[in-house]
Colleague: 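Following this message is one structure expressed as structure tokens.
Just so it is clear: chains get the letters A, B, ... in the order the sequence lines come, proteins before strands, and each one is counted from 1. Owing to the predicted nature of the structure, the values given are computational and were not obtained by experimental measurement.
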2 protein chains.
Amino acid sequence: MSDGAQFRQVSPPVRLYQRIVEQIEEAIARGDLKPGQRLPSERELVAQFGASRPTVREALRVLESNGLVRSRQGDPNGPEILPFSSAGLTKEMTRLVQFDNVSMAELISFRMILDGSASLLAARLRSEEELSAMERTLAVMADAIEAGYEEFSKADVAFHEVVAQASRNSLIEVCNLVVRGAVLSLISDKLAHAPNSTALMRESLHHHREVLEAIRAQDGPAAARISRRDLYDYYAGYVPENEQGPLLALVDDEET
Amino acid sequence: MSDGAQFRQVSPPVRLYQRIVEQIEEAIARGDLKPGQRLPSERELVAQFGASRPTVREALRVLESNGLVRSRQGDPNGPEILPFSSAGLTKEMTRLVQFDNVSMAELISFRMILDGSASLLAARLRSEEELSAMERTLAVMADAIEAGYEEFSKADVAFHEVVAQASRNSLIEVCNLVVRGAVLSLISDKLAHAPNSTALMRESLHHHREVLEAIRAQDGPAAARISRRDLYDYYAGYVPENEQGPLLALVDDEET
DNA sequence: CGCTTGCAACTGGCCTGACCAGTAAGCTCA
DNA sequence: TGAGCTTACTGGTCAGGCCAGTTGCAAGCG
């Protein structure tokens with residue numbers, strides 16, 4: 001091989017539809033296009049981009065599948081710019097779980113990490129309103145124990161949601177949302193039909209109260225520890241014995 | 001309003017291209033289509049799905065943008081099924097950072113959480129080979145200090161990669177990858193031109209060694225603590241003073 | 001005068017058919 | 001046997017068209 005000239009990797013030609021996607025994505029990222037605003041009609045876009053309608057449509061379908069815009073047949077205002085949503089992230093995360101055979105143990109480990117960290121941060125950053133919001137969700141949980149698993153689960157989710165918000169970290173919030181959804185979609189029916197579900201719910205409520213008290217006391221490490229332990233108690237039964245190592249590591253090791 | 005009959009919400013009709021996407025996605029999820037295999041040609045798919053070519057193409061463009069398949073013009077074998085990649089997740093996560101204005105502080109907090117947890121788990125689960133792989137990357141880092149920031153950063157990334165793998169949790173691995181990429185893409189040039197970059201690199205290397213020793217000693221909490229502190233020292237300078245609270249919470253609170 | 005109704009002018013969803021450029025396998029010919 | 005060309009495909013893109021759905025407005029109704 002001769003030295004001297006350095007060659008760059010050649011890249012395949014960029015498809016036309018891709019450039020259209022890029023332009024619109026950039027416009028949204030720049031803020032030129034805000035949620036709720038409308039894109040010109042397809043035929044108008046054809047004129048502006050100088051491409052054919054199928055090409056423009058390919059671009060719109062990609063944007064649509066990414067959750068950036070939505071087209072409705074007959075709408076004279078044109079495609080709508082959608083507000084940001086974590087739907088795409090959720091889809092990708094779910095894909096990861098399906099194709100990359102992520103195990104239940106990994107999923108729950110991750111949830112313990114996220115939820116523990118959310119509690120830790122919430123303990124330091126929570127406002128008074130957030131504290132009372134947490135209290136309200138606990139009250140709803142208490143009432144829901146008799147209403148059945150469905151209701152209880154909804155209130156449970158709401159509590160964790162408030163905690164995640166109080167952590168002031170939207171990455172934690174979104175990832176937690178996604179992982180929680182993935183876990184529930186895998187075993188919610190098992191939980192619903194657990195023989196001793198009332199006892200489980202009661203215990204879970206108790207744990208949640210402890211977490212809340214730790215957050216109120218601004219004791220982050222305790223809040224984190226209790227959160228993780230709660231999740232462990234609640235879910236460990238659904239993880240094979242030989243995969244429980246990581247879960248135990250998360251419960252034990254942070255204790256002092 | 002009369003009571004009696006209850007009506008369900010009507011859902012918008014599912015677009016044709018969407019159903020094609022679903023079918024192909026399912027086939028991949030089921031394992032009927034494995035990476036490396038080929039899809040029939042567009043014209044063949046047109047026949048099989050009974051849809052027109054533009055419609056089939058819309059579906060293929062969506063799959064392509066999601067990283068599931070790749071089409072190459074002229075390839076007589078048809079579109080290729082791609083192996084799973086976290087590219088889609090990365091894209092979504094990047095979108096989250098861009099559109100949902102995630103701050104540098106949030107990004108680094110999240111990185112501290114992920115990396116700390118990875119170290120914690122790695123301390124318990126690491127194999128001997130992984131330990132020596134970590135050692136090798138540290139050796140490369142040491143050599144790279146003089147070669148400049150570029151090389152050093154690459155070795156640095158490799159170390160964290162090995163640790164993440166040793167945590168045996170692909171969710172941590174992927175999220176860490178993504179967040180690391182996002183952070184670096186935001187400030188890698190600043191790091192590269194830091195006035196005292198050599199000193200910084202030397203200190204970072206020292207911290208990494210400490211992490212490795214904690215992992216070797218199977219002391220998870222220590223490994224996690226040191227990981228977080230290392231990241232804090234390395235990146236805190238790029239976070240505004242008034243946003244450092246969460247970072248400090250992650251560094252301090254877990255110490256005992 | 002206010003409300004409903006029906007219509008018309010758009011919209012996007014989908015299709016047909018066509019042309020061009022790129023690829024690779026097979027064939028030809030030295 | 002091997003190098004080069006040909007050919008039969010591939011995907012990329014376009015033009016034009018039909019249908020169904022949405023909306024706004026104007027005409028018609030009470």
Side-chain angles (χ1 to χ4, degrees), chain A residues 9-25 27-28 33 35-82, chain B residues 1-2 7-25 27-28 33 35-82:
Chain A
Q9 185 113 19
V10 294
S11 52
V14 182
R15 316 260 197 332
L16 223 43
Y17 89 90
Q18 262 293 358
R19 298 203 223 197
I20 298 180
V21 168
E22 282 168 19
Q23 282 197 47
I24 297 180
E25 273 183 344
I28 296 178
L33 291 171
Q37 284 188 6
R38 302 309 187 100
L39 240 38
S41 74
E42 288 184 2
R43 290 167 175 87
E44 175 64 25
L45 289 173
V46 164
Q48 288 191 25
F49 285 115
S52 70
R53 193 140 98 93
T55 302
V56 168
R57 281 177 61 79
E58 286 177 18
L60 287 175
R61 290 300 80 79
V62 168
L63 292 168
E64 189 170 74
S65 98
N66 286 0
L68 290 173
V69 306
R70 177 182 51 190
S71 296
R72 274 174 50 236
Q73 182 174 359
D75 189 338
N77 299 315
E80 181 182 359
I81 310 285
L82 294 178
Chain B
M1 181 184 336
S2 82
F7 298 108
R8 301 181 305 279
Q9 184 113 18
V10 293
S11 55
V14 183
R15 312 246 179 23
L16 223 43
Y17 88 91
Q18 263 294 355
R19 299 203 224 197
I20 298 179
V21 168
E22 282 168 19
Q23 282 197 46
I24 298 179
E25 273 183 345
I28 296 178
L33 292 171
Q37 284 188 7
R38 302 309 187 100
L39 242 36
S41 74
E42 289 184 1
R43 289 166 175 87
E44 175 64 24
L45 289 173
V46 164
Q48 289 193 25
F49 285 114
S52 70
R53 194 143 95 93
T55 302
V56 168
R57 281 177 60 78
E58 286 177 18
L60 287 175
R61 291 297 81 78
V62 168
L63 291 168
E64 190 170 72
S65 98
N66 286 1
L68 291 174
V69 306
R70 178 182 49 188
S71 297
R72 271 175 52 234
Q73 183 173 357
D75 188 338
N77 299 315
E80 182 182 358
I81 310 286
L82 294 179

Colleague: Kindly state which residues belonging to residues 12-25 of chain B come within less than 4.0 angstrom of DNA chain C, counting heavy atoms of the residue only, listed by number.
Modeller: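 Correct list: B/R15, B/L16.
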
Colleague: Distance from A/E22 atom CD to A/I24 atom CD1, nearest 0.5 Å?
Modeller: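 Those atoms lie 11.0 Å apart.
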
Colleague: Taking atom CG of A/L82 and atom CG of A/L63, what is their separation to the nearest 0.5 Å?
Modeller: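 A/L82 atom CG to A/L63 atom CG measures 10.5 Å (nearest 0.5 Å).
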
Colleague: Is any side-chain heavy atom of B/V21 less than 4.5 Å from a side-chain heavy atom of A/S65?
Modeller: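 Heavy-atom side-chain distance check fails, nothing below 4.5 Å.
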
Colleague: Could you tell me from which nucleotide to which nucleotide of DNA chain D, 5' to 3', there is an atom under 4.0 Å from chain A heavy atoms?
Modeller: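 Listed 5' to 3', the contact boundaries are D/dG12 to D/dT23.
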
Colleague: Any idea which heavy atoms bring B/R72 and B/D75 closest together, and the distance?
Modeller: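 Closest heavy-atom pair between B/R72 and B/D75: NH1-OD2, 2.8 Å.
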
Colleague: How close do A/L60 and A/V69 get, heavy atom to heavy atom, and via which atoms?
Modeller: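 Answer, listing the atom of A/L60 first, then A/V69: O-CG2, 4.1 Å.
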
Colleague: Within this structure, what is the CZ-CG distance for the pair B/R43 and B/L45, rounded to the nearest 0.5 Å?
Modeller: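 Going from CZ on B/R43 over to CG on B/L45, the span is 11.5 Å.
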
Colleague: Of all of residues 48-59 of chain B, which get a heavy atom below 4.0 angstrom from DNA chain D, listed by number?
Modeller: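 Contacting residues: B/R53, B/R57.
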
Colleague: At what distance, to the nearest 0.5 angstrom, does CG of A/L68 lie from CG of A/L39?
Modeller: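 Answer for the CG-CG pair, A/L68 versus A/L39, is 10.5 Å.
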
Colleague: Within residues 71-81 of chain A, find the residues that approach DNA chain D with a heavy atom at under 4.0 Å, and present them sorted by residue number.
Modeller: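 Those residues are A/R72, A/Q73, A/G74, A/P76.
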
Colleague: Check this for me, if you would: do B/R61 and B/E58 make a salt bridge, where the nitrogen-to-carboxylate-oxygen distance has to be below 4.0 angstrom?
Modeller: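 No, this pair does not count.
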
Colleague: Counting distance only, does the side-chain N/O of A/E42 pair as donor-acceptor with the main-chain N or O of A/R53 below 3.5 Å?
Modeller: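 Checking the backbone N and O of A/R53 against the side chain of A/E42, no donor-acceptor pair under 3.5 Å is found.
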
Colleague: In Å and rounded to the nearest 0.5 Å, what is the OG to CG distance from B/S52 to B/L16?
Modeller: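 The CG atom of B/L16 is 8.0 Å from OG of B/S52, to the nearest 0.5 Å.
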
Colleague: Give the minimum heavy-atom separation between B/P79 and B/P40, together with the two atoms involved.
Modeller: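 Distance-wise, the nearest heavy atoms are CD-O, 3.5 Å.
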
Colleague: For a side-chain contact (heavy atoms from CB on, under 4.5 Å) check, start with the C-alpha distance between B/R57 and A/Y17, then their side-chain angles and the critical distance, and finish with the verdict.
Modeller: CA-CA 11 Å; B/R57 281 177 60 78; A/Y17 89 90; over 6 Å; no

Colleague: Provide the closest heavy-atom pair for B/A51 versus B/V46 in the form atom of the first, atom of the second, distance.
Modeller: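 So the minimum-distance heavy-atom pair works out to O-CG1, 2.9 Å.
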
Colleague: Could you tell me the boundaries of the chain B footprint on DNA chain C, defined by atoms under 4.0 Å from its heavy atoms?
Modeller: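 In short, chain B contacts DNA chain C from C/dG13 to C/dA24.
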
Colleague: For A/E80, which residues count as a side-chain hydrogen bond (donor to acceptor under 3.5 Å, both in side chains) partner, sequence neighbours excluded?
Modeller: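 Per chain and number, A/E80 pairs via side-chain hydrogen bond (donor to acceptor under 3.5 Å, both in side chains) with A/R70.
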
Colleague: Check every strand shown and say whether A/R61 touches a base, only sugar-phosphate, or nothing at a heavy-atom separation below 4.0 Å.
Modeller: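 Here A/R61 touches the backbone only, sparing every base.
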
Colleague: Using a 4.0 Å heavy-atom cut-off across all strands, classify B/R70 as base, sugar-phosphate, or nothing.
Modeller: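 Nothing, no heavy atom under 4.0 Å.
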
Colleague: About how many Å separate OG1 of A/T55 and CZ of A/R19, when rounded to the nearest 0.5 Å?
Modeller: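 With rounding to 0.5 Å, CZ (A/R19) is 12.0 Å from OG1 (A/T55).
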
